[in-house]
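Report on the following structure.
Basis for what follows: all heavy atoms, side chains included, without hydrogens, waters or symmetry-related copies. Proteins get letters first, then strands, A, B, ... in listed order; numbering begins at 1 in each.
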Amino acid sequence: MIINTSKFGVIEFEDDKIITFDCGILGFEELKRYTILKIEETLPFYWLQAIDAKAIALPCMNPYEIVPSYEPLVDEVVLDNLGTKDDKDLIIFTTVAVPNDPSKATTNLAAPIIINAANNKGVQFVLQNADYSIRQSVFLEKEDTNYADTFKEAE
Amino acid sequence: MLILSRKLNEEIVINHNIIITVLEIDGDKVRLGIEAPKENTILRRELLEAVKSSNKESADVSTELITTLKSIFKSNSSNK
């Protein structure tokens with residue numbers, strides 16, 4: 001499939017990279033099809049690109065890079081909807097909000113994006129417990145932030 | 001909107017299988033118990049709205065900002 005994205009221009013990818021969100025994601029309920037873009041220059045951020053709206057792409061990241069102990073409690077019902085009983089099939093991303101000062105970027109640990117790699121179904125699941133912040137700082141809070149070091153130290 | 005008055009320990013039934021009970025009333029705070037089949041998603045409204053606006057904010061990143069991000073990540077990796 002070839003799509004013309006607003007942020008990254010023309011992108012070509014295999015049809016098996018299409019991820020279906022049956023319920024959409026909150027705020028974009030009408031958009032059901034996404035793909036994960038890996039843009040080398042923006043790593044460790046990936047992009048959840050809507051296939052049917054070229055302007056919609058949400059930066060997201062692997063939350064374990066900053067919170068290795070992250071343990072979202074996912075409902076059985078959600079696993080059922082994703083068509084799996086086993087959470088080892090699951091890929092977890094969290095969305096990132098990037099303000100004008102990118103060093104203040106935050107990620108939403110309260111509502112992870114959960115993808116079943118085995119069948120390319122995805123959901124955004126809002127956690128019931130309030131253990132995780134909707135605005136977790138992505139980068140270490142210190143002067144002269146070194147972005148690369150933040151991720152290195154989190155490993 | 002349907003409006004019902006309920007007293008302490010009184011209940012409301014929705015669809016024969018969702019039961020909402022008034023468990024406690026304390027000033028302007030009400031504690032509700034909700035029994036519902038597990039396939040129903042039950043969330044505090046403000047959390048739902050917060051996630052919605054967080055998603056919108058996330059999608060709102062401009063191409064200029066993406067350029068900034070790229071240069072930051074690039075300079076950091078080339079400093080190594």
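Residue B/Arg6 places its CZ atom among more than 12 non-hydrogen atoms of other residues, nucleotides or ligands, all under 6.0 Å distant. Atom CG of A/Asn100 is surrounded by 12 or fewer heavy atoms from other residues, nucleotides or ligands within 6.0 Å.
Interatomic distance, B/Ile66 CD1 to A/Ile39 CD1, rounded to the nearest 0.5 Å: 8.5 Å. To the nearest 0.5 angstrom, A/Ile134 atom CD1 is 5.5 Å from B/Leu47 atom CG. With rounding to the nearest 0.5 Å, the separation of CG in A/Asn108 from OG in B/Ser53 is 9.5 Å. Taking CG of B/Leu43 as the reference point, atom CG of A/Leu127 lies at 10.0 Å (rounded to 0.5 Å). To the nearest 0.5 Å, atoms OG1 (B/Thr67) and NZ (A/Lys7) are separated by 12.0 Å. Atom NZ of residue B/Lys56 and atom OG1 of residue A/Thr95 lie 13.5 Å apart, to the nearest 0.5 angstrom.
Within the 4.5 Å cutoff, no side-chain heavy atoms of B/Thr63 are placed close to those of A/Ser6.
Of all non-hydrogen atoms in B/Leu65 and A/Pro99, the two that sit nearest each other are CD2-O, 3.5 Å. Pairing each heavy atom of A/Pro59 with each of B/Ser58, the nearest pair is CD-O, 3.2 Å. A pairwise comparison of heavy atoms in A/Gln128 and B/Ile42 identifies NE2-O, 2.9 Å as the closest pair. When all heavy atoms of B/Glu57 and A/Ala97 are compared, the closest pair comes out as OE2-CB, 3.7 Å.
In the hydrophobic cluster analysis, where Ile, Leu, Val, Met, Phe, Trp and Tyr join through side-chain heavy atoms closer than 4.5 angstrom, A/Val123 is grouped apart from A/Leu31.
Under the 6.0 Å distance and 45° angle rule, B/Lys52 does not count as a cation-pi partner of A/Phe28.
A/Glu40 does not touch chain B: none of its heavy atoms, backbone or side chain, sits under 4.5 Å away.
Chain B forms more heavy-atom pairs under 4.5 Å with one residue of A/Val78, A/Thr106, A/Val96 than with any other, namely A/Val96. Contacts with chain B were tallied for A/Val126, A/Thr107, A/Ile56, A/Leu58; A/Leu58 has the most, counting heavy-atom pairs under 4.5 Å. Among A/Leu43, A/Ile25, A/Asp80, A/Asn81, the residue with the largest count of heavy-atom pairs under 4.5 Å with chain B is A/Leu43.
For the pairing with B/Asn55, the side chain to side chain contact (heavy atoms under 4.5 Å, CB included) check across A/Leu26, A/Ile113, A/Leu48 returns one residue only, A/Leu26.
Using cut-offs of 30° and 60° on the angle between ring planes, the pair B/Phe73 and A/Phe139 is tilted.
Salt bridge annotation for B/Lys38-A/Glu76: present, with a cationic side-chain nitrogen under 4.0 angstrom from a carboxylate oxygen.
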field: side-chain contact (heavy atoms from CB on, under 4.5 Å) between A/Trp47 and B/Val61, intermediate numbers included
entry: CA-CA 11 Å; A/Trp47 298 84; B/Val61 54; 3.6 Å; yes
